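What follows is a single structure, written as structure tokens, with notes after it.
Owing to the predicted nature of the structure, the values given are computational and were not obtained by experimental measurement.
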Amino acid sequence: MDKNLIYLLLYVTTNEESVDSRTIACVCATMSRVLTIAAAAAVVPFTHYPNSVLPRHVRLSNLPSSLTVTTHTLTFRGRFFSPYSSRAVPGPADAGLTGGFDAIIGDGGSMLQDAGATALVIAGAYALVSTFDFLSERKLIQQNLSRKLVHILSGLLFMASWPIFSASRWARYFASVVPLTNCLRLVIHGLSLATDEGLLKSVTREGKPEELLRGPLYYVLVLILSALLFWRESPVGVISLAMMCGGDGIADIVGRRFGSIKIPYNKQKSLAGSLSMFVLGFLVSIGMLYYFSALGYLHLDWVSTVERVAVVSFIATMVESLPITPTVDDNISVPLVSMVVASLAFDLLA
Ligand SMILES: C/C(=C\COP(=O)(O)O)CCC[C@H](C)CCC[C@H](C)CCCC(C)C
Ligand SMILES: Nc1ccn([C@@H]2O[C@H](COP(=O)(O)OP(=O)(O)O)[C@@H](O)[C@H]2O)c(=O)n1
């Protein structure tokens, strides 16, 4: 483990009040490593899932015409196997490959659509945080409940916004700008380079700026990774975010209120919290998978999908119930374990 990471962990675990230049340097160094990983993940769609960069409308002829996103310069002919379908998905008869330079950048219409969608979702993120700041500021909602509702809603609404982006291969990068913007916001305010009381009130436990550099920062980094690595092409990212946002979020809310029976190996957590995480994580995963299937992005065999999601939910719940160590936050462990298990279940064992 390199010295920057050690400095960062020392800073995070010791909760130093002041942030010195050494810490800033190591946070930047660590952030650069994380963003490098995200950049590396960005390459995957072009190497591992060439099909995933196909415009959606050419792969799913049954997509309702109102939902068909047409990129005039990019059409394909023939039959394609969606990565998550057991049957060939016939492309529309009139399709024909035009490709060429246009195939690389997509048409201006797609980029305009993606830029507009990005601006809209960024505004939505700001509105969400401001709304819960308003509610907690006026004591209409407890600060901890506010944080958890932001935790639950942010990622799920971000994921739900993915269909408004175009069918272009660049859409996932535009979408990733939303969590990236919030990542920068968290780092700037977490390092006390600027002050945003509303942000602190709606996403931290105690209102300390350095709290932004842990759970919330890991959370938005996972959103970036899921969008770049899996996007709406794969159930893996959908399930992982459903478990992090829906499952882990509800565990806190239910566990604090009804968690009288503690987990034998972790007295900080309760059976009620873990049970609620399993149930809601499962239901939100199935709900989001149905959402993307209904919009034509996924074709899933639902009997095996329900079984696989149940396995992912159970394992993610077990991981979440483990004592949080200063180095491994459950905003890291839950989604990453969900990604690994879901990838095994849907890709390798399919
Ligand atoms: C409170 C959050 C994480 C803390 O987790 P934990 O410590 O309770 O385990 C979530 C932080 C959310 C972030 C500040 C805003 C993220 C916005 C998102 C990228 C886009 C949402 C768009 C949608 C349309 C509202
Ligand atoms: N499985 C769980 C998870 C959380 N909880 C309750 O929720 C509180 C916060 O959980 P947590 O430390 O996982 O919170 P976050 O890290 O998710 O913000 C715990 O201290 C418990 O009171 C629970 O009872 N059972």
**Asked** Given side chains that start at C-beta, do those of Val222 and Ser226 come closer than 4.5 Å, heavy atoms only?
**Response** yes

**Request:** Would you kindly check if the NZ (Lys) or CZ (Arg) of Arg308 is within the cone defined by 45 degrees around the ring axis of Phe346 and under 6.0 Å from the six-membered ring centre?
**Result:** yes

**Prompt:** Does anything in residues 243-290 pair up under ring pair (Phe, Tyr, Trp, His ring centres under 6.0 Å), and if so which pairs, sequence neighbours excluded?
**Reply:** none

**Polar side-chain atom of Ser240 near backbone of Met339 as donor-acceptor pair, under 3.5 Å** = yes

**Asked** Is there a donor-acceptor contact under 3.5 Å from the side chain of Gln268 to the main chain of Leu322?
**Response** no

**Asked** Met243 versus Met277: any side-chain heavy-atom pair under 4.5 Å?
**Response** yes

**Polar side chain donor-acceptor pair, Ser321 to Asn266, under 3.5 angstrom** = no

**Asked** Do Glu206 and Asn144 touch side chain to side chain, with heavy atoms closer than 4.5 Å?
**Response** no

**Asked** Do side-chain atoms of His189 reach the backbone of Glu197 as a donor and acceptor pair under 3.5 angstrom?
**Response** no

**Message:** Students often mix this up, so state it plainly: with edges at 30° and 60°, are the rings of Phe165 and Trp231 parallel, tilted or perpendicular?
**Reply:** perpendicular

**Request:** Report yes if the side chains of Tyr219 and Arg214 come closer than 4.5 Å at any heavy-atom pair, otherwise no.
**Result:** no

**Message:** Using the salt bridge (charged side-chain N to carboxylate O under 4.0 Å, His left out) criterion, which residues pair with Asp133? Sequence neighbours excluded.
**Reply:** none

**Asked** Mind checking whether Tyr173 and Trp170 have ring centres under 6.0 Å apart?
**Response** yes

**Asked** Does any N or O in the side chain of Asp330 come within less than 3.5 Å of the main-chain N or O of Ser333, such that one atom is a donor and the other an acceptor?
**Response** no

**Lys139 atom NZ, neighbour heavy-atom count above 12 within 6.0 Å** = no

**Prompt:** Does Arg172 use its side chain to pair, donor to acceptor, with the backbone of Leu228 at less than 3.5 Å?
**Reply:** yes

**Message:** How about CD1 on Ile261, more than 12 heavy atoms from neighbouring residues, nucleotides or ligands closer than 6.0 Å, or not?
**Reply:** no

**Asked** Does the side chain of Tyr291 come within less than 4.5 Å of Met159's, by heavy atoms?
**Response** no

**Request:** May I ask you to test the Phe132-Val203 pair for a side-chain heavy-atom distance under 4.5 Å?
**Result:** no

**Asked** From Leu217 CG over to Glu211 CD, what is the distance, rounded to the nearest 0.5 angstrom?
**Response** 13.0 Å

**Prompt:** Quick one: does Ser274's side chain get under 4.5 Å of Ile263's, heavy atoms only?
**Reply:** yes

**Message:** What's the separation between atom CZ in Arg257 and atom OG in Ser270, rounded to the nearest 0.5 Å?
**Reply:** 12.0 Å

**Item:** Pairing residues for Lys269 by the side chain to side chain donor-acceptor pair (under 3.5 Å) criterion, not counting sequence neighbours
**Value:** Glu320

